[in-house]
Protein chains: 2
Amino acid sequence: MTKDRHEPRIHDVAALAGVSVATVSRVMSNPAIVSKAAREAVERAIVETGYRLNVTARNLRQRQVGAVLALVPRLANPFFSQILSGIAEVLSERKLNLLVLDTDGPVLTGRPEALGAWLTRSHADGVIVLDGRLGPELFASVHCPPVVQACEWIAGLDAPRILADNVEGGRLAVRHLAELGHRYIAHLAGPAGNSLSISRRKGVERGFEETGIASEAAELRLSGEFSLRSGNAAAADLLSNHRQATAVFCDSDEMAIGLVHGLAGAGIRVPHDISVVGFDNIEMSAYALPPLTTIRQHRHRIGRKAAETLIALVRQEPCAPETILPVELLVRDSTRAPR
Amino acid sequence: MTKDRHEPRIHDVAALAGVSVATVSRVMSNPAIVSKAAREAVERAIVETGYRLNVTARNLRQRQVGAVLALVPRLANPFFSQILSGIAEVLSERKLNLLVLDTDGPVLTGRPEALGAWLTRSHADGVIVLDGRLGPELFASVHCPPVVQACEWIAGLDAPRILADNVEGGRLAVRHLAELGHRYIAHLAGPAGNSLSISRRKGVERGFEETGIASEAAELRLSGEFSLRSGNAAAADLLSNHRQATAVFCDSDEMAIGLVHGLAGAGIRVPHDISVVGFDNIEMSAYALPPLTTIRQHRHRIGRKAAETLIALVRQEPCAPETILPVELLVRDSTRAPR
DNA sequence: CTGTTAGCGCATTCAG
DNA sequence: CTGAATGCGCTAACAG
């Protein structure tokens, strides 16, 4: 076994098997069209030489990259890992690579144009965007490969969307609280303009209407990001400006957990004094104290669906412009009737 | 990937600029060696044609892949996202792609050999292994590119390791508890044989020796995985088999939070009845109730260092066989003196 | 400093 | 069913 010398190439296999390189190539990609004798000779030669297909060469020849790029807002955020996991699952079934780019990484921050350099057909066969803050013009270039949006979406970007049923989520949360008897419900929303917050807000309002809360109390709005920290910070705001609220619906579990923490610091107990509902059902929410009532979102499934849609798009197969995946209310211990 | 008719190639740029393709190539890779006039002509032509370098072709020519593969045990686990983020940061500075493969993904599970297909020089220029359960033989093939291990490590695999100071972490945790007056300290360890648990165990024992606890009480061991669920399950074990313990050191924050949850279910309060120390300082630990005393591990920095080491390795530059990054004790509210 | 030329390793016509 | 020939788009010698 000579190691430092050439990695064996298709040519070496062909020579050893006594066939042409074309036949070897066929054995690798479509064995059925090769005679049994030739195929077996090639297979033997492959083993003997230790041949491995050079993926780069094949990609060049086939004018493809063999990889899909995922654009995530903050790779360090656990929220996305489940989605990536779903994406990775589908891609690896198709022998496609998953490329990950953190749109909040230091290379990109402050220079959104820099992202343009990555959005090229020579970098990836397709792109899955998980960051709703990016501008649609980034993806408008002719160089940009097909795009699918997942979870969040970008206004003005005409690319298939895979979303949770955010409206329904907001509605379910409010109805649950209303049924418990709450009348003053605050909504701790994500950043202004965020697509998720907007949809959930719509659901919240629908819930208010349906339960007749709108007439009794104006909705209370807080708004931050989706983070633990902002949830925590919202506690002070809630206590000083929205004293009458007996329940809070948060746009993420992280916010909810941060809020519970902040309230505890002020001596306010959940659910005894205030009820809290989250969104996402991150794994931690079941183990929080108190275990969090939340809206379950199938992030893994969203990831899978996004990858499947992108693959269809790349192949120019028809694909739905919007896919809405169902959500469910999970009642745990952070909600109860108001005192 | 169906390309449009003519993505402009280097040849088109050269023709428009009135220079040779070699000159265009030089402008792209090393502008300094080209005359100002030629360079500017090329730059103009690039803009005018909308030319983008074909990365695959360049990679083929340079016999490289332009990507690094990260092998993570469970992509859905938030623990790894920070590490990936650090890796991604360094790689993108170097214009390298980050490829992610979930070693627990359905494509690989049950068939560890399948991973071998990915461990090829044609798939990645290097590999960062974050999964200590993989067998060393996987990386022994001549086809496998350079490897670096981060966080966990594989016995018998001779590849540079980037680790947190796990021994010191275990020691700090025990000393902290001992200083508070605890004498019966349980260690909730990760899976048997896991490299992290072994090192931390060593630190725990050192702590026992230094504080003279060994003589008063045998160490208590529980063992599970690193997950919320296993921490939760350990609560029952602790209460039925290790009643005398007044403190628990857990090998991960997730375990610690799960344990606190499980204890709460049994009416045991932390830190009032039992003190708990975690490991990792995941973001959530500061917002848990009670906020968790833990050992801080700089995961982002570990990721960065791993990527830097791998790049050095690929370039055949010298690199340290082992890098140990410091840890710190963060005292929060889950520990206090025993009653 | 610049152009010419020869591949990188493979997949795919097109004949046979 | 098989083989010979032709690039995929680019970079790196090697001359000029």
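By convention in this document, chain letters (A, B, ...) are assigned in the order of the sequence lines, proteins followed by strands, and residues within each chain are numbered from 1.
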Contact state string [nucleotides 7-14 of chain C, B base, S sugar-phosphate only, - no protein heavy atom under 4.0 Å]: BBBBBBB-

Whole-Å gap separating C1' (C:dG3) and CZ (B:Arg39): 18 Å

Short N-O contact, A:Arg304 and A:Glu89, less than 4.0 angstrom: yes

Partners passing salt bridge (Lys or Arg N to Asp or Glu O under 4.0 Å) against B:Glu225 (at least two apart in sequence or in another chain): none

Integer-rounded Å distance: D:dG9 C1' and A:Gln64 CD: 15 Å

Partners passing side-chain hydrogen bond (donor to acceptor under 3.5 Å, both in side chains) against B:Asp131 (at least two apart in sequence or in another chain): B:Thr103, B:Arg133

Terminal axis angle for the helix from C:dC1-D:dG16 to C:dG16-D:dC1, five pairs an end, nearest 10 degrees: 30°

Side chain to side chain contact (heavy atoms under 4.5 Å, CB included) partners for B:Pro145, two or more places apart: B:Arg121, B:Val127

Which residues share a side chain to side chain contact (heavy atoms under 4.5 Å, CB included) with B:Thr49, sequence neighbours left out: B:Pro8, B:Val13, B:Leu16, B:Tyr51

Residues forming a salt bridge (Lys or Arg N to Asp or Glu O under 4.0 Å) with A:Glu317, sequence neighbours excluded: A:Arg315

Partner residues of B:Asp125 under the side-chain hydrogen bond (donor to acceptor under 3.5 Å, both in side chains) criterion, sequence neighbours left out: none

Value in whole Å for how far the P atom of D:dA13 lies from CD1 of B:Ile33: 12 Å

Validation: residues 36-46 of chain B side-chain donor-acceptor distances under 3.5 Å, sequence neighbours left out:
{"residue": "B:Arg39", "atom": "NH1", "partner": "B:Pro31", "partner atom": "O", "Å": "3.3"}

Length of the line joining A:Asn59:CG and D:dC8:C1', which is rounded to integer Å: 11 Å

